[in-house]
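The residues of the chain are indexed from 1 along the displayed sequence.
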Amino acid sequence: MGTVHDVYGWTNVHAHINLSADEAYALTDKRSPHALFELMLMSAGTTPRPGLHDHTPEFGRALGVIAARFAEYCHAYELSPVVSWSYDPHTVDRESIQGEKRFHAHLVGRTQAERAAVEARAVRAGRLSTVRSHRIVEEASVLGALISADVVDGDALRVLEPVPALSTPTATATAQFRLPQGWESLTSPDLPADLAYIHRKLRRMYDEILRVCTTGTAGMWRRPVIREFDPQEIDVPLRAATRAALAHYLRGLRPELLSEPVERSRKAYVYPLADLAYAVTIAEQNGQVFLHLRTNVFSDLGGAGISIMDGVIVKTKKGVGDMSPAEIAGRAAFQGDFLRMLHRHPQAARALFPHL
């Protein structure tokens, strides 16, 4: 989506807001939907800007206002709001979880029927096949939760409140943070700074793992190889148990096995050491709102491909498919009514005119 023409050519654009020559955002109707009730906020410009931290504070503030108002709107429709995005800018050694290398967030409203179906069909990951569980969440996600708990200083965060690692099922599979003011926390101008801080910590951690534990470089279907290493040389503040778990996991990996494209099931067993990748999901659980950061290494599914409903991690394998005329009309009405609500809201100027 390098140009405005690309955005308009590939999506149905409901709003387009310019912030600068190389930064804008558009509210669009996703061409291949993940849900019946959804919108997408896309970054448009001429250069890669894959992460929220790659954008200005005004962009982050606009995203927060729109997402908070979307959640309010979903509640009026008796829908459960989910806001998600992914970060994976440099994949060359596997399927990417972020096909478009500009930031884009998915705003989805889940129906009561969808929530009931998830509750009825939810199973523990241990009961799934290894390949299927790895397509949703895997060991590196748990390690990501442990490492995040060690490297992210809760006192440095202004909005987000860390949930202790391994204290809940979702805090085991993701690094979980509570939004103390619920969805309204998204409107805080300090939230983008919190997310940028967490990204810097993860970036530092990943660079240290590559520096100390690997040799070689990533390329097309080529990954750095795990070499002999001393885990004490990983220069990030990890607890002894986390450091030992990380070393044990890395020493069991064989990224050199993947020298050429292979069937998808094989890819679930090979650690992609090309670069940092993660997905962010904001969702409700037990009457509270949480931000989940899931370290993504095996799955090609990004933020939209994985939802979290009432604490259950859900794989959205396909979108809603071919929609009936009634569904298309309902989707259009949902989106149009939201845009009208956003325009009338007291915070509209902060979203639609972010430089004011």
Side-chain angles (χ1 to χ4, degrees), residues 1-8 10-11 13-30 38-73 81-89 97-108 157-160 177 179 181 183-200 202-203 276 278-282 291 293 302-304 335 338-339 342-343 345-356:
M1 299 296 177
T3 68
V4 172
H5 173 76
D6 292 333
V7 175
Y8 279 79
W10 284 94
T11 64
V13 176
H14 294 300
H16 187 273
I17 311 297
N18 281 314
L19 286 85
S20 68
D22 188 40
E23 187 177 51
Y25 70 84
L27 287 170
T28 73
D29 182 7
K30 182 173 170 58
E38 68 171 344
L39 275 168
M40 186 162 66
L41 186 147
M42 299 183 60
S43 169
T46 58
T47 60
R49 288 193 179 187
L52 184 59
H53 57 277
D54 295 315
H55 291 76
T56 61
E58 290 81 11
F59 183 98
R61 183 176 64 178
L63 168 66
V65 169
I66 291 171
R69 301 289 60 86
F70 181 81
E72 177 186 354
Y73 179 70
V82 178
V83 177
S84 58
W85 64 84
S86 56
Y87 177 80
D88 186 13
I97 66 171
Q98 186 185 22
E100 176 56 47
K101 305 308 183 187
R102 296 281 299 204
F103 177 87
H104 53 286
H106 301 265
L107 288 70
V108 178
L157 298 173
R158 304 173 186 178
V159 179
L160 297 173
F177 303 85
L179 293 165
Q181 303 302 319
W183 291 101
E184 287 303 311
S185 296
L186 298 181
T187 66
S188 170
D190 291 327
L191 181 61
D194 278 4
L195 294 173
Y197 165 77
I198 293 172
H199 174 83
R200 290 195 301 271
L202 294 177
R203 175 80 271 166
L276 176 64
Y278 57 80
V280 174
T281 304
I282 304 172
L291 183 146
L293 193 152
Q335 294 174 344
F338 169 68
L339 290 171
L342 180 63
H343 274 89
H345 198 277
Q347 292 179 339
R350 293 175 58 192
L352 303 176
F353 307 99
H355 284 302
L356 294 179

Contacts of type side chain to side chain contact (heavy atoms under 4.5 Å, CB included), residue Ser188, not counting sequence neighbours
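Side chain to side chain contact (heavy atoms under 4.5 Å, CB included) check on Ser188 returns Val159, Asp190.
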
For the atom pair [atom1] ([X]) and [atom2] ([Y]), what is the distance rounded to the nearest 0.5 Å?
X      : Y      : atom1 : atom2 : value
Leu39  : Leu107 : CG    : CG    : 6.5 Å
Tyr197 : Leu160 : OH    : CG    : 11.5 Å
Phe177 : Asp194 : CZ    : CG    : 9.0 Å
Leu186 : Ile66  : CG    : CD1   : 11.5 Å
Leu293 : Leu202 : CG    : CG    : 6.0 Å
Glu38  : Ser84  : CD    : OG    : 9.5 Å

For Glu184, I'd like to know if atom CD has over 12 heavy atoms of other residues, nucleotides or ligands within 6.0 Å.
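Check passes, neighbour count above 12.
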
Answer yes or no: are there more than 12 heavy-atom neighbours, outside Arg203 itself, under 6.0 Å from its atom CZ?
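Above 12, so yes.
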
Nearest atoms (heavy-atom pairs only) where [X] meets [Y]:
X      : Y      : value
Phe103 : Phe59  : CD2-CE2, 3.7 Å
Ala68  : Thr187 : CB-CG2, 3.6 Å
Arg102 : Ala44  : NH2-O, 3.0 Å
Leu19  : Ala24  : CD1-CA, 4.0 Å

Of the options Arg49, Arg61, Glu23, which is the one that meets Thr56 in a side-chain hydrogen bond (donor to acceptor under 3.5 Å, both in side chains)?
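Looking at Arg49, Arg61, Glu23, the match for Thr56 under the side-chain hydrogen bond (donor to acceptor under 3.5 Å, both in side chains) is Glu23.
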
Any side-chain heavy-atom pair from [X] and [Y] closer than 4.5 angstrom?
X      : Y      : result
Ile198 : Leu157 : yes
Phe338 : His14  : no
Leu41  : Leu63  : yes

Do the ring planes of His106 and His104 sit parallel (below 30°), tilted (30 to 60°) or perpendicular (above 60°)?
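If you compare the ring of His106 with that of His104, the planes turn out perpendicular.
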
Residues in ring pair (Phe, Tyr, Trp, His ring centres under 6.0 Å) contact with His53, at least two apart in sequence or another chain
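Applying ring pair (Phe, Tyr, Trp, His ring centres under 6.0 Å) to His53 gives Tyr87, His199.
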
Between Val83 and Thr281, does a side-chain contact (heavy atoms from CB on, under 4.5 Å) hold up when you go through it step by step?
CA-CA 6 Å; Val83 177; Thr281 304; over 6 Å; no

